[in-house]
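First comes the structure, then the notes that go with it.
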Amino acid sequence: MKMGGIIFGLVVVVVALSMNVAASEVHHVVGGDHGWDPNSDILSWSSGKVFRVGDKIWFAYSVAQGLIAELKSREEYESCNMSNPIMMYTEGLHTIPLEREGIRYFVSSNSENCKNGLKLHVEVQPKDSPSRALPNTQNVVAAEPTSPSGSAHYGHSVILSILLFVIVVIAY
């Protein structure tokens with residue numbers, strides 16, 4: 001019975017650690033339910049969002065409407081100058097981990113869409129910055145989601161940990 005107690009204790013620790021790690025990571029689906037689309041208001045979507053080291057941004061887009069270019073500078077971003085991109089995202093669904101602090105610039109490779117506002121600059125904050133912004137809760141109306149939400153605070157590791165916990169409990 002002591003071995004069972006040790007295993008149970010280890011499972012609880014794994015679940016607790018997984019929840020702590022997953023809770024610190026946010027997945028931002030750029031544009032929310034509309035995704036990266038010329039009809040999306042990316043500026044409004046990003047307003048008030050805090051992006052931190054460890055978060056991920058998800059781009060869901062139609063390749064037919066243009067690719068996504070990551071640019072080096074604010075000047076390139078503001079002028080939609082895609083002559084020398086850092087990276088081109090071409091798959092229609094792409095996850096980009098935010099691994100370090102700083103500003104990153106993303107634009108539609110379709111010049112017209114870029115000039116019409118289909119672009120995003122992300123200022124990546126430190127993981128544990130004291131200036132954690134609170135979400136804007138004024139005029140919020142909840143609707144039934146039609147696609148993945150803009151932020152998910154719990155990842156697959158939490159689900160797997162809970163599943164492992166249930167399996168261990170059932171085994172006894």
Side-chain angles (χ1 to χ4, degrees), residues 18 20-143 145-159:
S18 296
N20 189 28
V21 169
S24 65
E25 177 181 289
V26 177
H27 296 249
H28 303 275
V29 178
V30 178
D33 288 343
H34 299 287
W36 182 264
D37 182 86
N39 297 319
S40 295
D41 185 354
I42 301 298
L43 183 60
S44 291
W45 171 84
S46 65
S47 177
K49 292 207 181 328
V50 177
F51 301 92
R52 299 197 178 284
V53 171
D55 290 356
K56 294 179 182 176
I57 54 176
W58 292 66
F59 286 98
Y61 55 98
S62 168
V63 175
Q65 293 179 353
L67 308 176
I68 297 173
E70 184 171 359
L71 305 177
K72 287 186 259 188
S73 70
R74 181 171 207 80
E75 292 78 24
E76 291 174 326
Y77 170 80
E78 288 176 354
S79 66
C80 295
N81 178 356
M82 293 161 270
S83 62
N84 193 22
I86 296 171
M87 178 71 84
M88 290 295 290
Y89 300 98
T90 61
E91 299 169 4
L93 178 63
H94 204 91
T95 304
I96 301 170
L98 303 176
E99 298 171 329
R100 63 184 179 279
E101 296 175 40
I103 299 177
R104 295 180 71 177
Y105 302 98
F106 302 94
V107 300
S108 171
S109 68
N110 178 310
S111 181
E112 185 177 321
N113 287 341
C114 180
K115 289 177 182 172
N116 287 328
L118 190 55
K119 54 187 176 178
L120 171 71
H121 76 277
V122 175
E123 186 173 345
V124 183
Q125 302 291 322
K127 189 173 209 132
D128 295 321
S129 173
S131 63
R132 187 172 288 273
L134 297 175
N136 181 1
T137 57
Q138 295 176 349
N139 300 325
V140 173
V141 177
T146 57
S147 65
S149 68
S151 298
H153 291 282
Y154 297 102
H156 297 291
S157 61
V158 172
I159 295 168

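- Ring pair His28/Phe51 is tilted by interplanar angle, where 30° to 60° counts as tilted.
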Given side chain to side chain contact (heavy atoms under 4.5 Å, CB included), test Val53 with Glu101 step by step and report yes or no.
-> CA-CA 6 Å; Val53 171; Glu101 296 175 40; 3.8 Å; yes
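- In this structure, the separation between OG on Ser62 and CG on Leu67 is 10.0 Å, given to the nearest 0.5 Å.
- In plain terms, the two heavy atoms of Lys127 and Gly54 that are nearest each other are NZ-CA, 4.3 Å.
- The closest side-chain donor-acceptor pair between Glu25 and His27 falls under 3.5 angstrom.
- Minimum heavy-atom separation, Ser79 to Lys115: O-CE, 4.4 Å.
- Residues Asp37 and Gln65 are in side-chain contact: their nearest non-hydrogen atoms beyond the backbone lie under 4.5 Å apart.
- Going from atom CE of Met88 over to atom CD of Glu70 covers 11.0 Å, rounded to the nearest 0.5 Å.
- Between the side chain of Tyr61 and the main chain of Glu91, a donor-acceptor pair closer than 3.5 Å is present.
- Inter-residue side-chain proximity for Phe106 and Ile57 is flagged as met; some heavy-atom pair is nearer than 4.5 Å.
- Closest non-hydrogen pair, Ser46 versus Leu120, comes out as CB-CD1, 3.7 Å.
- Residues Met82 and Leu71 have side chains in contact (heavy-atom distance under 4.5 Å, counting atoms from C-beta outward).
- For the pair Lys56 and Trp58, the NZ or CZ position fails the cation-pi test of under 6.0 Å to the six-membered ring centre and within 45 degrees of the ring normal.
- To the nearest 0.5 Å, the span separating CG on Leu43 from NZ on Lys119 amounts to 10.0 Å.
- The backbone N or O of Ala69 lies less than 3.5 Å from no partner atom in the side chain of Ser109, so there is not a single donor-acceptor pair.
- If you take CE on Met87 and CD1 on Ile68, they are separated by 12.0 Å, rounding to the nearest 0.5 Å.
- Counting heavy atoms of neighbouring residues, nucleotides and ligands inside a 6.0 Å radius, atom CD of Glu78 exceeds 12 of them.
- Using cut-offs of 30° and 60° on the angle between ring planes, the pair Trp36 and Phe59 is perpendicular.
- Annotation: side chain of Lys72 is in contact with side chain of Asn84 (closest heavy-atom distance under 4.5 Å).
- In this structure, the separation between CG on Leu118 and OG on Ser111 is 11.5 Å, given to the nearest 0.5 Å.
- Using modelled atom types and a 3.5 Å distance limit, the side chains of Ser108 and Asn110 yield no donor-acceptor pair.
- Side-chain atoms of Tyr77 do not come within 3.5 Å of backbone N or O of Arg104 as any donor-acceptor pair.
- Within the 4.5 Å cutoff, no side-chain heavy atoms of Val26 are placed close to those of Arg52.
- Proximity of Ile42 to Val30: side-chain heavy atoms (C-beta onward) are separated by under 4.5 Å at one or more points.
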